[in-house]
Amino acid sequence: VRVTAQVKLATEKSIRAAARRLFVRKGFDQTSTREIALAANVAVGTLFNYFPSKEALAIAIAAEAFDSGRARALRRLEERPSSLEEDLFTLIACDIRALQPTRAFIADVLEAGLSPFAARDLSSDAAAIRGERLEDAAAALRRHSLAESATTPVMHLYWALYLGVLSFWAADQSPKQEDTWALLDRSIRMFTGALRPSPQTTGDPTDRPALGVDSSDAAEITP
Amino acid sequence: MTATNTSLSDMLSQLPEDLQAGAPPEVNLADLFLRAGRRPVPIGRFSRFWTLGTLQGKITAAYAFWWLRGMWQGADERQRGLNEAHLKAAVQLLGTMSHLRGAVMKLGQLLAHWPGVAPEEFADVLGRLHFQAPPMHFSLLRETVRSELGADPEDLFAEFDPEAAAAASLGQVHRARLKDTGEEVAVKIQYPGIARSIRDDVANIKTLLLPVRLGVDSDSIHAQLDDIQEMLSLEVDYLAEADNLRLARKTLEGLDGVFVPRVHERFTTQRVLTMDWVEGKHLDAYLATGPVQAERDRYGSLIVRSNMRLCYTAHMLYSDLHPGNFVFMPDRENGGRLGLIDFGCVRRYTPEEVDYLTEAERATFLSRDAIRRAVIRGSDLTAKQQTEKERIDLMMAWYDWVCEPVVTLDEFDFANENYFRRGMDLWKELLRRRYVRSLPVNTWITKSFVGSRAMLFRLGAHVPLGRIMREETSVPLPPQAGASGS
């Protein structure tokens with residue numbers, strides 16, 4: 001049976017829609033590929049023609065959200081010049097906002113496809129999500145004259161920060177998830193603070209900022 | 001073990017070990033900072049990163065702790081190296097607070113509110129904090145506004161200034177323009193999560209102080225900490241502040257020369273407060289314009305009268321009385337208006353407290369005995385303490401100082417340095433002798449007194465406070481001078 005491109009697209013769309021509904025309602029773990037196929041009105045084998053695994057399916061769904069979040073962030077970065085802290089904050093905050101509908105199952109997506117531990121066999125979607133985010137962060141560092149800082153360890157650290165904030169957000173019980181924004185702000189300050197050289201000190205060891213103290217803040221306390 | 005307990009043990013470990021031994025305080029402090037500066041940030045407890053579990057928070061707590069204890073030590077013991085230690089601490093604390101914002105900053109402000117006690121350098125550094133906190137960037141603001149009001153600030157308002165107009169202790173203020181009426185408004189936005197973190201912090205401080213023997217008045221101090229805790233919880237709730245603003249506006253409606261901004265309900269939640277923009281200068285900037293005496297006197301009278309009307313008519317105590325809350329609004333025709341902008345730290349009197357206040361007010365016009373009774377009631381003294389002559393005399397002297405401007409119908413010269421210093425010395429003496437026991441409400445009244453007297457002193461105003469009081473209070477008072485000071 002020859003399947004037209006149009007039918008293919010419609011089938012894929014209905015599988016995604018069915019999976020999204022079930023993931024949100026039942027959770028990622030509690031949803032089987034059989035149920036998804038049933039809800040999408042396709043055979044299980046057909047589902048696997050489109051998505052090699054349940055994980056890949058979840059990542060594909062999340063990838064749409066990641067894409068729209070990124071597009072929004074890049075638009076914002078163009079609108080107004082801002083500090084490195086704010087640039088990085090914008091990049092991650094826009095992703096979080098866009099991922100809001102997937103919050104119920106995003107933790108599983110992160111674990112299955114994006115975590116540093118899953119990195120040995122990233123799906124193409126996952127590889128793209130990761131690659132784009134690291135590229136955006138590196139671009140932000142370049143914009144703020146920290147191009148030489150975009151080394152492998154630093155970018156790995158950034159990716160750990162990124163995933164850490166997202167996983168915190170996925171489980172954040174605070175009202176309106178306010179703790180996530182505070183955590184994101186603090187984490188980025190810590191990250192950027194570690195990249196920048198320490199501010200001038202007066203030679204008094206008590207003036208030396210601890211690792212991770214934002215240098216712009218620290219500079220203000222120098223009498 | 002709860003998170004609170006965990007960070008508490010960290011906090012305790014940060015305290016100078018020989019605090020109890022009574023070694024010279026500057027050694028402890030210097031050592032404390034030295035060790036603190038070399039210690040890495042405890043990133044393990046990520047979620048509580050910027051509460052008192054932090055390094056900087058611990059330093060502040062340690063400092064606050066040391067400072068509190070210092071109040072109960074002999075003056076000679078404390079004097080050595082005091083300035084150096086305090087200045088260091090103040091600088092460190094300033095860095096702490098601009099870095100950590102709200103939670104610890106609030107603690108610092110709390111310390112700043114006892115100006116007679118904290119050394120001058122310390123008070124000076126803290127005093128500048130009200131308007132010099134580093135801003136949250138716009139992206140963080142946008143997410144916060146979006147969480148609270150459902151849309152981005154640039155969509156909610158016709159204009160929204162991404163630069164903060166002022167730092168508030170728990171967040172910051174931005175200038176915006178309404179879409180429908182084009183009016184300018186001030187949007188106060190709270191740093192996300194700060195309210196809950198403050199609750200944790202105060203709980204930590206309380207736990208920290210529990211085992212400490214703060215002299216014989218421990219119970220009273222703990223009661224006051226409860227009160228402070230309650231006050232802080234009010235202050236972080238912008239809906240409560242909006243209520244206070246509305247009541248104050250209504251109460252001061254008929255008072256010429258005073259302006260209280262309207263609340264814009266549509267853009268107000270627990271964490272975002274939108275009100276009319278108040279254009280003008282704060283005290284220092286106003287004084288820098290070299291205002292004539294008559295104008296300063298007029299402003300002084302407005303400060304006194306608005307506070308009395310809030311107190312006597314609405315039973316509101318504007319206890320966070322610092323220059324940042326007053327705006328001197330240019331208005332050539334009427335000689336300027338006074339804007340009242342911050343109603344976060346407002347306390348409402350209970351009926352019992354009103355009764356006590358009434359008794360205390362009348363006492364000064366009745367007799368020394370009446371004053372003695374009021375002082376005893378206000379201080380919640382035990383039977384034994386009531387027989388301590390030195391204690392009663394000192395408290396009555398403080399009472400008399402407070403009432404000096406009350407008993408005369410003439411203008412009182414608040415610029416008189418001798419008068420101001422005398423009051424601060426009395427206050428210090430009260431603290432030094434551990435005579436700090438008082439009804440919780442007195443903490444706030446005293447704060448308000450000290451705040452307003454300091455404000456009038458800096459303003460250099462001559463104010464007929466006694467006459468204004470007779471006009472504003474509902475309590476019948478004799479027209480002539482009373483028993484005080486006799």
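All chains are named by letter (A, B, ...) in the order of the sequence lines, taking the proteins before the strands, and each is independently numbered beginning at 1.
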B:Arg271 vs A:Lys176, test: side chain to side chain contact (heavy atoms under 4.5 Å, CB included). Steps then yes/no.
CA-CA 11 Å; B:Arg271 306 284 176 250; A:Lys176 296 171 186 171; 6.0 Å; no
Distance check, rounded to the nearest 0.5 Å: [X] atom [atom1] versus [Y] atom [atom2]?
X: A:Glu85; Y: B:Met136; atom1: CD; atom2: CE; value: 15.5 Å
X: B:Ser139; Y: A:Leu91; atom1: OG; atom2: CG; value: 9.0 Å
X: A:Phe89; Y: B:Leu140; atom1: CZ; atom2: CG; value: 4.0 Å
X: B:Ser147; Y: A:Gln177; atom1: OG; atom2: CD; value: 7.5 Å
X: B:Glu154; Y: A:Arg80; atom1: CD; atom2: CZ; value: 8.5 Å
X: B:His137; Y: A:Ser82; atom1: NE2; atom2: OG; value: 8.0 Å

Within a 6.0 Å radius of atom [atom1] on [X], are there more than 12 heavy atoms belonging to other residues, nucleotides or ligands?
X: A:Glu78; atom1: CD; answer: no
X: A:Gln30; atom1: CD; answer: no
X: A:Lys13; atom1: NZ; answer: no

Between B:Pro192 and A:Ala182, what is the shortest heavy-atom contact and its length?
O-CB, 3.6 Å
May I ask you to decide whether A:Arg97 forms a salt bridge with B:Asp152, counting only side-chain N to carboxylate O separations under 4.0 Å?
no
